[in-house]
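Note that the numbering runs from 1 along the sequence shown for the chain.
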Amino acid sequence: MSTRMLRGLLTPGHTRFGLTVFVLSALAVFLLAGCSDSEPDAQSGTPAPSTSATAPSTPAPIPTASTPTLTPLPTPSKPWPTPSVKGEPASDAPLAQRIRFAIAKQAQIAAGKAATTKVSCPGIEDAEKPGTHNLTCTVTYAGKSYPGKLTVEAKQYSASYKFTSDSVAIVKPKVIDAVLRTVPGAAKVTCTMDNVAVVKHTSEGIACDATTTENAVQPYKAQISGNGQILVTKAS
């Protein structure tokens, strides 16, 4: 190339034109890079966050326990049986022996069950002598004791007696039987007493609870009389 031609290419006008073309070319490359179809996160290697919304979890309902229906107990159809008390002395036995047996028999009938019963009345051996005899006695039924008063009116050929006590022995099954007669259809009966209890017939009575077939508990009171009769009333 001749020196003239080289100078022509290197003239200031040509130099500015060349620089302008180079700048435009660089700008075009930058714009193409900015308009790339690739995801920015994909290019950087970081996964894009999920845009799907997660529904809040709903707690499962707590099941409600149903109240069971209970089976009713049968209502007694017959009266409470009178206990058969054995060992009665002969009619010509000593008066003291006959009186002790009579008191023991009445105690077992009132309690509702035949059981070992002892009657102790100090001085009763002299009750055959004519006159009035006031004695203090102790009755022990099935291991449970209670006091009583004995009055004997003796004559030459006859005698009469009267035994009184403010207490009486009673068995638990007899009390439950009385509650079932008062609360027909009860599914369960519980009474706050031992299998054999000595109670005062002047007291408030024995506390019992009757459970209905709907599993509801109702309070009752069993009042015991001196001869073993039971009156059941609903407690307030």
Side-chain angles (χ1 to χ4, degrees), residues 76 79-154 158-182 189-210 219-233 235:
W80 184 262
T82 301
S84 176
V85 181
K86 300 178 180 180
E88 183 175 3
S91 59
D92 59 349
L95 179 63
Q97 185 178 350
R98 286 181 283 145
I99 291 177
R100 282 194 295 261
F101 175 81
I103 296 174
K105 180 179 179 179
Q106 181 56 37
Q108 294 175 70
I109 292 175
K113 183 179 180 181
T116 301
T117 306
K118 296 180 179 180
V119 178
S120 175
C121 304
I124 194 174
E125 303 298 339
D126 299 328
E128 291 187 356
K129 296 178 181 180
T132 301
H133 306 272
N134 295 311
L135 307 173
T136 299
C137 301
T138 300
V139 180
T140 304
Y141 170 84
K144 304 280 187 174
S145 299
Y146 58 93
K149 297 291 185 181
L150 174 64
T151 300
V152 180
E153 295 287 349
S158 64
S160 62
Y161 78 94
K162 180 181 181 181
F163 176 80
T164 59
S165 175
D166 61 358
S167 299
V168 63
I170 197 80
V171 295
K172 191 172 185 178
K174 184 177 179 181
V175 177
I176 293 177
D177 176 89
V179 176
L180 287 174
R181 296 174 189 274
T182 305
V189 175
T190 58
C191 297
T192 54
M193 61 177 295
D194 297 331
N195 289 330
V196 176
V198 171
V199 296
K200 292 183 179 298
H201 49 80
T202 56
S203 64
E204 295 181 357
I206 298 172
C208 296
D209 287 331
Y220 286 85
K221 288 286 187 181
Q223 188 79 30
I224 317 298
S225 67
N227 59 1
Q229 292 183 342
I230 303 174
L231 175 64
V232 178
T233 57

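The two residues Y141 and A115 come nearest to each other via the heavy atoms CE1-CB, 3.5 Å. What you find for G228 and K174 is that their closest heavy atoms are O-NZ, 3.1 Å. Across all their heavy atoms, G112 and P83 have their closest contact at C-CG, 3.5 Å. Taking both residues in full, the closest heavy atoms of A207 and K221 are given as CB-NZ, 3.8 Å, listed atom of the first, atom of the second, then distance. Here the closest non-hydrogen pair linking E204 and Q223 is O-OE1, 3.1 Å. When all heavy atoms are compared, the tightest approach of V196 to K144 is O-CE, 3.2 Å.
To the nearest 0.5 Å, atoms CG (L231) and OG1 (T182) are separated by 7.5 Å. To the nearest 0.5 Å, atom NZ of residue K118 and atom OG1 of residue T138 are 12.5 Å apart. Taking OG1 from T117 and CZ from R100, the interatomic distance works out to 14.0 Å, rounded to the nearest 0.5 Å. Separating the SG atom in C191 from the CD1 atom in I206 is a distance of 7.0 Å, to the nearest 0.5 Å. Atom SG of C121 sits about 8.0 Å away from atom CD1 of I99, to the nearest 0.5 Å. The structure places NZ of K113 at 9.0 Å from CH2 of W80, a figure rounded to the nearest 0.5 Å.
Within 6.0 Å of atom CG in N195, 12 or fewer heavy atoms from other residues, nucleotides or ligands are found, so the atom counts as exposed in its surroundings. Summarising the local packing, NZ of K105 is surrounded by 12 or fewer heavy atoms from other residues, nucleotides or ligands at distances under 6.0 Å. Taking a 6.0 Å sphere around CD of E153, one finds it holds more than 12 heavy atoms contributed by other residues, nucleotides or ligands.
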Practice prompt. Go through V232 and C208 one step at a time and tell me if the side chain to side chain contact (heavy atoms under 4.5 Å, CB included) criterion holds.
Written response: CA-CA 9 Å; V232 178; C208 296; over 6 Å; no
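No side-chain heavy atom of L150 sits less than 4.5 Å from a side-chain heavy atom of H133. Side-chain contact between S145 and V198 is absent, with no heavy-atom pair separated by less than 4.5 Å. The side-chain heavy atoms of V139 and S165, taken from C-beta on, include no pair separated by under 4.5 Å. Residues V189 and Y220 form no side-chain contact, since every pair of their non-hydrogen atoms from C-beta on lies 4.5 Å or further apart. Here the side chains of M193 and I170 are in contact, with some heavy-atom distance below 4.5 Å.
Each of D166, T136, T164 was scored for a side-chain hydrogen bond (donor to acceptor under 3.5 Å, both in side chains) with K149, with one residue passing: T136. Of the residues I124, V152, T151, the one that meets the side chain to side chain contact (heavy atoms under 4.5 Å, CB included) test with Y161 is V152.
Counting only distance, with no hydrogens or angles, the side chain of R98 and the backbone of A93 share a donor-acceptor pair below 3.5 Å.
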